[in-house]
Number of protein chains: 2
Amino acid sequence: MSAALSAIERFSRYQSDDAQSVRPVHCPVREVLDRIGDKWSILLVMTLATRPQRFSELHRAIRDISKRMLTQTLRDLERDGLITRHVFPTKPPSVEYCLSPLGQSLLEPMASLIDWADRRYSDIHAARVRFDGALCDA
Amino acid sequence: MSAALSAIERFSRYQSDDAQSVRPVHCPVREVLDRIGDKWSILLVMTLATRPQRFSELHRAIRDISKRMLTQTLRDLERDGLITRHVFPTKPPSVEYCLSPLGQSLLEPMASLIDWADRRYSDIHAARVRFDGALCDA
DNA sequence: CTCTAAGGTCTCTATGTGAGACCTGCCCTC
DNA sequence: GAGGGCAGGTCTCACATAGAGACCTTAGAG
């Protein structure tokens with residue numbers, strides 16, 4: 001818990017820069033959220049966690065991502081050094097994506113989030129049902 | 001690390017249900033990501049971590065969110081039981097948002113992500129510059 | 001000769017997001 | 001008593017992003 005507190009405190013220091021400051025906030029949390037906080041990044045990193053995979057394997061694993069977004073998200077993750085891309089000169093060429101060490105290092109914090117999701121999912125679902133029920137009554 | 005491994009394994013069990021299955025995947029990770037994986041949710045939860053805050057305080061703390069999205073994201077977080085909303089009958093009425101116990105429980109996993117963001121941000125930035133430089137050469 | 005497969009790109013449309021005007025009630029000042 | 005401000009929103013419009021699905025290239029199988 002004290003770990004949580006210190007992280008939160010650090011975060012709020014970034015937040016608290018005065019509104020006068022001309023330069024926009026430069027909060028690493030914001031930057032990283034912008035990167036991995038999109039719809040597919042975390043899912044892709046998680047999927048690559050077990051083993052390197054090829055484009056179409058990934059597409060099969062995450063059936064509801066479009067090729068377009070798969071390409072783009074992989075490119076962005078590569079750009080940020082979280083995954084690496086290897087082209088094998090087979091015919092037709094095959095491309096393998098795998099986590100870089102930096103990407104690997106993301107697994108542990110992500111795991112704790114997944115843990116939370118697993119344990120708390122039922123609570124969230126219950127709250128949602130309750131909320132919608134209350135709306136319906138009103 | 002073993003914690004990470006077990007979470008990843010659990011995650012991949014959800015992924016591996018066969019494509020034949022008519023019912024869509026029902027992976028808690030997906031559901032929770034859909035919820036807190038949007039642009040503003042994590043930021044709001046983090047901002048409320050230090051203390052309960054009112055609508056316009058939140059708006060000032062996160063200057064680049066529109067009122068529209070602030071309202072909507074708060075509503076969704078409330079719906080999922082992560083925050084609570086109290087209206088005080090002052091004139092004009094003021095509304096306070098604060099983390100529920102469920103929301104509090106999210107802080108610890110989130111803190112580890114923030115920790116990661118803080119420590120690794122410079123690596124990501126470096127990778128990005130390298131990638132863009134390579135593009136420019138080509 | 002056609003079909004499939006890999007790893008994409010391209011175009012078109014649907015959905016999400018942001019800016020900013022507006023609303024309601026009350027208090028304050030002029 | 002007319003106007004202005006604040007609180008917490010809602011509404012509309014315009015634009016950016018995401019998804020669906022056609023298409024491309026090369027090569028091997030039937």
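Computed from heavy atoms alone, side chains included, the values below leave out hydrogens, waters and symmetry copies.
Contact check for B:Glu57 versus B:Thr47: no side-chain heavy atoms found under the 4.5 Å cut-off. Between B:Leu70 and B:Trp40 there is no side-chain heavy-atom pair separated by less than 4.5 Å. Side-chain contact between B:Trp116 and A:Val32 is present, with heavy atoms from C-beta onward closer than 4.5 Å.
Nearest nucleotide to the side chain of B:Gln72, out of D:dT10, C:dG18, C:dT17: C:dT17. If you check D:dA18, C:dT17, C:dA5 against the side chain of A:Pro92, the one that comes closest is C:dA5. The side chain of A:Phe55 sits closest to C:dG8 out of D:dG19, C:dT17, C:dG8. Which of D:dG19, C:dG8, D:dG8 sits closest to the side chain of B:Ser94 comes down to D:dG8. In the set D:dG19, C:dG7, D:dG9, the nucleotide with an atom closest to the side chain of A:Arg68 is D:dG19.
Side-chain nitrogen and oxygen atoms of A:Arg85 include at least one within less than 4.0 Å of the OP1 or OP2 phosphate oxygen of C:dG8. Contact annotation: A:Tyr97 side-chain N/O to C:dA6 OP1/OP2 distance is not under 4.0 Å. An OP1 or OP2 oxygen of C:dG7 is reached within less than 4.0 angstrom by a side-chain nitrogen or oxygen of A:Ser56. A:Arg54 has no side-chain polar atom (N or O) that falls below the 4.0 Å cut-off from OP1 or OP2 of C:dA5. Taking side-chain N and O atoms only, B:Trp40 has a distance below 4.0 Å to OP1 or OP2 of C:dG18.
Two residues, A:Lys91 and B:Pro93, neighbour DNA chain D, and the one matched to the more 5' nucleotide by heavy-atom proximity is B:Pro93. Mapping A:Glu57 and B:Lys39 onto DNA chain C by nearest heavy atom places A:Glu57 closer to the 5' end of the strand.
Per the geometry, CG belonging to A:Leu70 stands 13 Å off C1' belonging to C:dA6, to the nearest Å. For the pair B:Asp34 CG and C:dT15 C1', the interatomic distance rounds to 15 Å; values are reported in whole Å. Following rounding to the nearest Å, B:His59 (NE2) and C:dA19 (C1') show an atom-to-atom distance of 10 Å. Distance CZ (A:Phe88) to P (D:dA27): 19 Å, rounded to an integer number of Å. D:dA16 atom C1' lies 15 Å from atom CG of A:Asp38, rounded to whole Å. One interatomic measurement links the two molecules: CD1 of B:Ile65 to C1' of C:dG16, which rounds to 13 Å at whole-angstrom precision. C:dG8 atom C1' lies 14 Å from atom CD of A:Glu78, rounded to whole Å. Taking atom CZ of residue B:Arg63 and atom P of nucleotide C:dA19, one finds them 13 Å apart after rounding to whole Å.
Atom CZ of B:Arg120 is separated from atom CG of A:Leu82 by 10.0 Å, given to the nearest 0.5 angstrom.
Residues B:Ser100 and B:Gly81 approach most closely at OG-O, 2.6 Å, considering heavy atoms.
With salt bridges taken as basic N to acidic carboxylate O contacts below 4.0 Å, none links A:Asp132 and A:Arg128.
For B:Lys67 and D:dG9, a side-chain-to-base donor-acceptor distance below 3.5 Å is present, hydrogens and geometry of angles not being considered.
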